[in-house]
Amino acid sequence: MWNWSGASHLTWLNGLAMLIGTVIVLLLALGVVTYTIYAQRKILGWMQGRIGPNRLGPFGLMQTIADILKLLIKEDIIPEKADRSLFLLAPILAFVPSFMVLSVIPFSRTHVFTANISIGLLFYIALSAITIHGVMLGGWASNNKYALIGGMRSAAQMLSYEVPLGMSVLGVALMAGSLNLNTIVMSQHTGWWNIVPQFLGFCIFLVASTAELNRTPFDLPEAESELIAGYHIEYSGFRMAFFMLTEYVYLFAMAALCATLFLGGWSGPFLPGWLWFAIKVFAFIFFQFWIQNTMPRIRADHLMSFSWKVLLPLSLFNIVLTAVFKTIV
Amino acid sequence: MSDVEDSNQKTPEENEGAEQPSKPSDSTAPAGEKVAKASEGEKPKTADPAATNSSDPTDGAKPPEAADAVAPSKPASAAKPAAAAKPAAGAKAAAAGAERPARAAKAAAPPDPRIEAAKETAEKVKATLVAELGETAVEETGAAHLNPMVRIKRDFWPQAVELLKNHADWQLNYIECMAGTDYPEYIEVVIYIQSTNLGHFICLKTRTPRDRAQIPSIVSIHPGVNWEEREIYDLLGVHFTNHPDLRRIMMWEGFKGHPLRKDYSEWDGGEENGAH
Amino acid sequence: MALTDEAQSIRTEEMILNVGPQHPSTHGVFRLVVKISGETIIEAEPVIGYLHRGTEKLAEDLQYTQIIPYTDRLDYVSAMINNYALCHTVERALDLEIPERAEYLRIITMELQRVASHLLAVGSYLLDLGAMSPFLYVFQERERIVQMFNELCGARLTYNYMRVGGVKWDAPPGWIDQVRDFIPFMRKKLKMYDDLITGNEIFLSRVRGIGVFNTETALAYGLSGINLRSTGFDWDLRKKKPYSIYNRFDFEVPLGKNGDCFDRYILHMQEMEQSLRIVEQAVEQFPSSGPVLGKVPKMVRVPAGEYYSGIEGTRGELGFYIVSEGKDKPYRMKIRKPSFVNLQLLPELLKGQSMANLIAILGAVDIVLGEVDA
C-alpha cells in the first residue's frame, strides 16, 4: 500500500488513491459518528442507571441510523423571518471544515488517506476556526433571540479557547521540531509519548478542547436549561443533522488530534497501529462522556475569565518551559 | 369508613345515602345526586337564616340567636320527608336533626377558653387601633375560630395594618395568608398576620360593597401581598387603590367577569372568555 | 460629523426575551418576560396562570372529602402533605380526635413525601445547572418511596390517602419494615449526593452568593419554608405551631447563613436528613394496632365560621382558609400556596443578574407550577 512517508510526487495513480481515500475517510467518519452517538447514549445510560437505546436491532445498534433516517425525511423548515441564504449556508459552513480537518490526521502508519503537509497542525487549528462562522451565522440568520445568544456565546467561547488550545499544542510542535502531524507521531514512536514530557500541555489541551467542542461543562452555547438548544434552535431536518454531525465529527477529530499529539498516535506495542489509534480515540471520547455525566455547566463569565486568566498564562508558561527544556537537553 | 356518629337515627338506606357523597369517585351516582337535589330544594327555605349566619360568620362561638333562626325552618323541612319517607331527604333531615341538638348543646356549654382569650386579644388590638385612629376605625371584634379577629373600616385599612406592623406591642410583620370572600351583601378581605417576634397571630379583615368594590392596597406596607391582591382583583373584582401593578394574574387580559364571585356564570363572558 | 459619533459609540439595544411558557427549566408552564441588555437582566416579569384550574372555585361545589383529590394536584410532587393540610384544617374546625395509628401513618407518609419532594427539587435544580445525572439518580431513591406509597394507597403520584379524621388505608403487613429498611439506605444515598454535588467547584461557583436576600426582605415578602430559613431565620411551623404529633419527635430545623442559592440547596439536603430522623422515631413508636380513621360523621359538616391553619409543606407554609356556612361544602376555600408567594420575590432577585444566574435563582426558589397557578 501507498505510504505517506514514501511518496513525494503526485501521479495519476496517487491522485486516484487519494480520491478513494477521501471517500473512505468520509464513510469512516460517518460510521464513527453514528456509533459515537450510540456509545454516548449507552455510556450515559449505564452511568445513570438507565438502559439506553435497546429497541432497534441487537442492543439497539440500529437506533442512530434510524434517527438519521428520521431527520432525513423530516420537513426542512426555514423560518419566514430568517435570512434565507445565510440560514441555508450556515450548516454547510460549519460542516465542511469538520471533515477537512480529518485529512491531516494520521490514522495509521501506512494508509492512503493522510495529506502529508508540513503545516498539518496549523491546518487543523485554522480550519476548525472556520466552523465558528457557521455557528455564528446560523445563530444570526435564524432571527431568534435564543439562537442569537447561543451563537454569540459560541463565538466568544470558541475564539477564547482557540488561543490556549493553539498555545498548548505549540509545546508539542517544539518537542518534535515540526508542525507535520506525521513527524510528530514518528518522534513519539521513537521516544516518549508527549503526554509525559508535555503533561501540562496535555491538561490544557484537554480543557481547551472540551470547551472547543462545546461539551459539558462548557456546553454553554447549547445550554439546554437556558437557551433551549442554542444556535441551532430553528433548524430542523437534515440541516439540524448537519450541525449534529459537525459536533460529533469534531469530537472524533479532536480525539484523533489528541491521540496524535499526546498519546503517540498509532504507535504502540503488539497491537496493529489502527487499533492503537482507535483505542486512544475512544479513550478520549469516553473521557468526554464521563465528564458530561459528572459536571454541571460553568457560567459564561467564569468561562471567559478561566480561559484568559488561567489557561492562557499556563499555556504560555508551558511553551517557555518546553523551550528551556529543549535548549538544555 | 366504619364509624358513624349518631347512627341510631338512621335507617340503612339513609346510611347509604349519606355515605355516597363521601366517595369522590362516585359523585355522579344516583344516591349522591339525590342528596344534592335535596339540599338544593331546601335552599330557599334556609336562605334567610343562612344569610344572617354568613353575614356574621366571624363570631366564633355559635350565637344562640343564629341557632334559633335556623330552628323555625326545620320542622317544615323535617316534617315533609317524614311523611314521604324518601331515603335521601330523610338522611338530610336526620343529619339536620342530629346537628340541632348538638348546636344547642354547644351554645349551652361553657364558652371555649381559647375563644375567650382570642376575643380578649382582639379587644386589645381594637384599643390600640382606636387610640391611634379614632373610634370609627374598628367595626367589630371577635374570634375567627381560635384566632383574634378585628374588622377594620375600609378607609383605615392601610393605616391600621401599618400601625400594627410598627406598634411595639404587636409587631405584626409577617402576613401568612390573604383571602377574599364574596358574601351576599359585601366582599370581605382577610389577612392572617403573624408577629414573628411576639408570637401574635391575628386575623384582620375589612369589607367593601360588592358594587364598585374598592379597598386601599397594603402592598407598600407588606410587599408580599402584591400577587395576592392581584389575585383577589382578578377573581373577585376588588379594586385595590394604590396598587403598583393591578392586573389580572390567573385569568388572561380581556377575560370578563370575576369567577370567584358567587353570581358568576361561565356563560356571561361570551366569546371573549371561550375563545381562548 | 454624525457618522463618526455613531462610529465612536456602539449603539446597544435592550432586548425582550420570552422565557417560557414552554421552556425546559421553568418546571412547567411558567413564563418569564425578561428585558436583557447583553446577557444582563434589567427587568423580569413573571407571568403565571397557564395552569390555573380554579381549584378554589371547584371546591365550593364539592364536599370536603371530595376536595382531597384536588389537593393532590396542587403541588403534585408532595401530594401527601397537601392532603394533610386540608384534612388538618377541617379537623381543627371540627375539633376531631385522630387515632394514634393514623397520626403515625400520616407523619411517616408526610416525611417520606418531604424526602421524595426534596430529592426531586435537588435533582431538577442540578439539571437546571447543566448536570444531567443527579436528576436521574434521584429518581431511583424516589422510586422506592413511591413504591411504598403505591403499596399503601394504590397510587404513585396523586395519593388521595388522607381523610378527615385519619387515613384511608391501614399499612399492609410488612410495610413498616420496608420503611425501616429504607432509612439506612436513604442515609447512605444522601451521603453519596453530598459527596457528588456539595463539593463540586463548578456547582459552588454557580450558587454561592447568588440570589441573596435577607430575613427582612423574606418576611416582608411573606416567604416561607426553605426560602425563609435560608436567611437564618428559624421559622418552621412544625416547631413554631406544632400540629399533628410533631412535638413527640426530636429533630432540628436546619438554617442557612447567607440566604443564597447554595444555602437553599444545602437546606434541602439537611432537611431530608431530619425527615429521616422523624421517620425513624415514628417507626419506632408506631402503635402495633388500632383504628386508622377516627369517629367522623359520614357527612363532614364544618360548623359555620371561618378557619385557617397552615402547615409546613415542602415549599413553605401551606394553608387552607375555609369559610363555612355549616354545610357539607365550603362556602369559600382559599389555598395559601407557598410557591405562589415565594415566586413574588423573583423579579427583585433577578435585577442586574446575568442570564445564566436566572436559571440558578429560579431553580433555587423551587416552585411547582401546579401550586402557583392552582
Side-chain angles (χ1 to χ4, degrees), chain A residues 40-41 43-52 139 143-157 207 210-211 214-230 233 288-306 309-310, chain C residues 13-20 22-27 32-36 38-41 123-141 143 189 195-197 200-210 265 353-363:
Chain A
Q40 172 178 17
R41 296 178 64 180
I43 290 170
L44 288 191
W46 166 60
M47 285 179 171
Q48 294 168 346
R50 299 183 284 119
I51 297 169
N143 202 1
N144 177 307
K145 288 165 184 172
Y146 286 109
L148 181 66
I149 295 177
M152 289 302 154
R153 273 189 182 185
S154 210
Q157 173 180 335
V207 176
T210 309
N214 291 340
R215 294 196 72 84
T216 321
F218 305 101
D219 57 343
L220 284 106
E222 44 205 288
E224 194 208 58
S225 56
E226 295 158 37
L227 301 177
I228 304 169
I233 189 169
Q288 291 292 344
F289 294 159
W290 190 6
I291 292 285
Q292 182 183 7
N293 206 42
T294 319
M295 293 286 180
R297 187 176 303 119
I298 199 166
R299 219 173 69 198
D301 48 336
H302 294 163
L303 178 96
M304 290 299 158
S305 58
F306 183 65
K309 290 182 183 164
V310 180
Chain C
E13 216 175 278
E14 285 159 6
M15 183 162 88
I16 294 204
L17 189 67
N18 233 327
V19 182
Q22 275 83 29
H23 186 281
S25 42
T26 53
H27 300 262
L32 200 59
V33 183
V34 285
K35 195 193 266 181
I36 53 175
E39 285 217 21
T40 313
I41 297 166
S124 58
Y125 187 43
L126 277 139
L127 185 69
D128 289 348
L129 294 180
M132 194 180 4
S133 301
F135 184 67
L136 291 147
Y137 286 168
V138 295
F139 271 94
Q140 296 173 8
E141 281 82 56
E143 181 64 22
K189 290 290 182 182
D195 292 344
L196 274 178
I197 304 165
N200 189 310
E201 205 57 48
I202 297 176
F203 172 69
L204 290 181
S205 75
R206 291 207 59 181
V207 293
R208 277 250 168 93
I210 304 296
Y265 153 77
Q353 299 283 356
S354 78
M355 272 298 284
N357 283 348
L358 182 154
I359 304 301
I361 293 169
L362 174 63

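In what follows, chains are A, B, ... by sequence order, proteins preceding strands, each numbered from 1. In this text, all values refer to a predicted model and were calculated from it rather than measured experimentally.
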Asks: Pick one of side chain, backbone, both or neither for C/Leu196, based on which atoms fall under 4.5 Å of a heavy atom in chain A.
Replies: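 For C/Leu196, neither part sits under 4.5 Å from chain A.
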
Asks: For C/Phe203, which atoms come within 4.5 Å of any heavy atom of chain A: side chain, backbone, both, or neither?
Replies: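 C/Phe203 touches chain A through backbone and side-chain heavy atoms alike.
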
Asks: Where does C/Met132 contact chain A at under 4.5 Å (heavy atoms): side chain, backbone, both or neither?
Replies: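 C/Met132 touches chain A through backbone and side-chain heavy atoms alike.
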
Asks: Check the side chains of C/Gln353 and C/Thr40 for a donor-acceptor pair under 3.5 angstrom, ignoring hydrogens and angles.
Replies: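 Their side chains do not contain a donor-acceptor pair, so the 3.5 Å distance test is not met.
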
Asks: Hey, could you give me the CG/OH distance between C/Asn18 and A/Tyr146, rounded to the nearest 0.5 Å?
Replies: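 Reported to 0.5 Å precision, the distance equals 6.5 Å.
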
Asks: Tell me every residue that passes ring-ring contact (aromatic ring centres under 6.0 Å, His included) with C/Phe135, counting only those two or more places apart in sequence or in another chain.
Replies: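 C/Phe139.
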
Asks: Quick check for you: among A/Met295, A/Met152, A/Gln292, which has the greatest number of heavy-atom pairs under 4.5 Å with chain C?
Replies: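 The answer is A/Met295.
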
Asks: Please report the shortest heavy-atom distance between C/Val34 and C/Met355, naming the atom on each side.
Replies: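 What the structure gives for the nearest pair is CG2-SD, 4.4 Å.
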
Asks: May I ask you to name which of A/Lys145, A/Met47, A/Arg50 has the most heavy-atom pairs under 4.5 Å with chain C?
Replies: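 Among the listed options, the one with the most contacts to chain C is A/Lys145.
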
Asks: Is it the case that over 12 heavy atoms from other parts of the model lie below 6.0 angstrom from the CD atom of C/Glu143?
Replies: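 Buried by this count: over 12 neighbours within 6.0 Å.
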
Asks: Give, as side chain, backbone, both or neither, the part of C/Ile210 having an atom under 4.5 angstrom from any heavy atom of chain A.
Replies: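 Contact with chain A: side chain only.
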
Asks: Under a 4.5 Å cutoff for heavy-atom pairs, which residue among A/Gly49, A/Pro296, A/Pro217 has the most contacts with chain C?
Replies: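 Highest number of heavy-atom pairs under 4.5 Å: A/Pro296.
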
Asks: Hey, does C/Ser133 have a side-chain heavy atom less than 4.5 Å from the side chain of A/Thr294?
Replies: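 When only atoms from C-beta onward are counted, C/Ser133 and A/Thr294 do not touch, as no gap falls below 4.5 Å.
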
